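Input: a single structure, listed below in structure tokens.
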Amino acid sequence: EYDGDRNSEGERHGFGKALLPNGDTYEGEYERGLRNGQGTYRFKNGALYTGTYVQNKKHGKGVFFYPDGSKYAGDWVDDQKQGFGEYLYANGDTYTGDWSNNKRHGKGTYVYKDTGSKYVGHWVNGIQEGPAELIHENHTFKGRFLNGKPLGRGKYIFKIGCEQHGEYIEAVQEKEEEEEEEEEAPPPVESKWKVSEITELTPWSPQDEE
């Protein structure tokens, strides 16, 4: 069902409201039969998008509300979260930063609601990777991350005014003989912190080595 403006060819053109066959609804701007411009799309499952469309695709600035209570506000390209945006997760965590192909990618800040800790640094395809700081209430870790875990040289900076330098080393895991089975994702590699020295505050940061 459609209620709204049409052009001389009878296409939806201008402002209109539509009820789609699947139960979704759209209210907003059309151009030559396609959603184009500002509009609000309500999904039957309770999700909602309000923002800019280009030829039926979410493109430009927009806000998406998910049925679980989470929400994304930011840039869209061709129906994908891409550019800069803020995501509020259902558990109260937030991520503010760069996106590419619907994933956290580039520089961004992730805040853990339960602890108040935050990760400020780089992401690759949704995973913490590259130089970063992990900021806790009374201390901060500065170093590099790989596959979501700290790895290599880094330091802990304590509010009381001292630093602990060291490195994260991959823990060696004993390999067990096993029968050939379906390919499974390898378990995340745990890394262990090895202290090298404790000093007064110094200006070193992970970018210094690049």
Side-chain angles (χ1 to χ4, degrees), residues 1-132 135 145 147-148 182-185:
E1 296 172 31
Y2 175 74
D3 175 22
D5 304 332
R6 294 182 185 271
N7 60 14
S8 55
E9 278 100 68
E11 297 170 316
R12 299 174 185 187
H13 192 87
F15 187 85
K17 298 179 185 179
L19 171 62
L20 287 80
N22 63 1
D24 296 351
T25 62
Y26 173 77
E27 182 173 339
E29 295 172 343
Y30 281 91
E31 192 173 307
R32 299 193 65 85
L34 300 174
R35 295 187 291 278
N36 213 76
Q38 289 296 313
T40 297
Y41 190 107
R42 294 172 192 276
F43 296 80
K44 193 177 165 188
N45 68 1
L48 181 146
Y49 170 80
T50 182
T52 313
Y53 277 93
V54 174
Q55 296 194 322
N56 269 2
K57 291 186 172 176
K58 298 183 281 292
H59 193 99
K61 299 268 183 213
V63 184
F64 199 107
F65 298 88
Y66 295 86
D68 66 359
S70 55
K71 167 185 149 184
Y72 171 82
D75 298 330
W76 297 81
V77 174
D78 268 350
D79 264 344
Q80 310 263 339
K81 295 188 273 291
Q82 181 133 341
F84 186 86
E86 179 170 341
Y87 200 111
L88 168 66
Y89 294 86
N91 65 358
D93 291 357
T94 57
Y95 171 80
T96 308
D98 298 332
W99 293 79
S100 180
N101 294 325
N102 278 339
K103 291 184 175 170
R104 302 183 290 267
H105 188 90
K107 287 181 89 166
T109 298
Y110 191 102
V111 179
Y112 299 88
K113 179 176 181 283
D114 283 353
T115 59
S117 299
K118 59 183 175 182
Y119 172 96
V120 182
H122 291 72
W123 300 76
V124 176
N125 287 327
I127 295 168
Q128 296 168 340
E129 193 153 309
I135 302 164
F145 280 69
N147 279 328
E182 287 179 31
E183 185 71 18
E184 280 187 31

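Every value quoted in this text rests on a predicted model; they were computed, and no experiment measured them.
Contact between Glu129 and Asn147 at its shortest, heavy atoms only, is OE1-N, 3.2 Å. The two residues Trp76 and Gly62 come nearest to each other via the heavy atoms NE1-O, 3.2 Å. What you find for Phe145 and Ala132 is that their closest heavy atoms are CD1-CB, 3.9 Å. The two residues Val63 and Ala73 make their nearest non-hydrogen contact at CG2-CB, 4.0 Å. The nearest pair of heavy atoms linking Asn91 to Lys113 is O-CD, 3.7 Å. Residues Gly37 and Glu29 come closest through the heavy atom pair CA-OE1, 3.2 Å.
Note: Ile127 CD1 to Lys103 NZ = 7.5 Å, rounded to the nearest 0.5 Å. Taken from CD in Glu27 to CG in Leu19, the straight-line distance is 12.5 Å, to the nearest 0.5 Å. Taking NZ of Lys17 as the start and CZ of Arg12 as the end, the distance is 14.0 Å to the nearest 0.5 Å. Separating the OG atom in Ser100 from the CG atom in Asp75 is a distance of 12.0 Å, to the nearest 0.5 Å. Atom CG of Asp24 sits about 7.5 Å away from atom CG of Asn45, to the nearest 0.5 Å. Separation of atoms NE2 (His122) and NZ (Lys107) is listed at 5.0 Å; rounding is to 0.5 Å.
Trp99 and Tyr95 have perpendicular rings, their planes meeting at more than 60° on a 0 to 90° scale where under 30° would count as parallel. In this structure, Tyr112 and Tyr110 have tilted ring planes: the angle between them lies in the 30° to 60° band. A tilted orientation is assigned to the rings of Tyr87 and Tyr72, their planes being inclined by 30° to 60°.
In terms of modelled atom types and a separation under 3.5 Å, the side chain of Asp79 and the main chain of Lys57 share no donor-acceptor contact. A donor-acceptor distance shorter than 3.5 angstrom exists from the side chain of Asn36 to the backbone of Gln55, with no hydrogens or angles considered. A donor-acceptor pair under 3.5 Å links the side-chain atoms of Asn56 to the main chain of Arg35, judged by distance alone. Without hydrogens or angle criteria, Asp68 side chain to Ser70 main chain gives a donor-acceptor distance under 3.5 Å.
The existence of a salt bridge linking Asp98 and Arg104 is excluded, since no basic side-chain nitrogen approaches an acidic carboxylate oxygen closer than 4.0 Å.
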Show your working on side-chain contact (heavy atoms from CB on, under 4.5 Å) between Asp78 and His59 and close with a plain yes or no. CA-CA 6 Å; Asp78 268 350; His59 193 99; 4.1 Å; yes
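Looking only at atom types and distance, the side chain of Asp5 has no donor-acceptor partner in the side chain of Tyr30 under 3.5 Å away.
Counting non-hydrogen atoms of other residues, nucleotides and ligands closer than 6.0 Å to CD of Glu1 gives a total of 12 or fewer. Taking a 6.0 Å sphere around NZ of Lys118, one finds it holds 12 or fewer heavy atoms contributed by other residues, nucleotides or ligands.
Each of Tyr26, Tyr66, Phe64, Phe65 was checked for a ring-ring contact (aromatic ring centres under 6.0 Å, His included) with Phe43, and the lone residue meeting it is Phe64.
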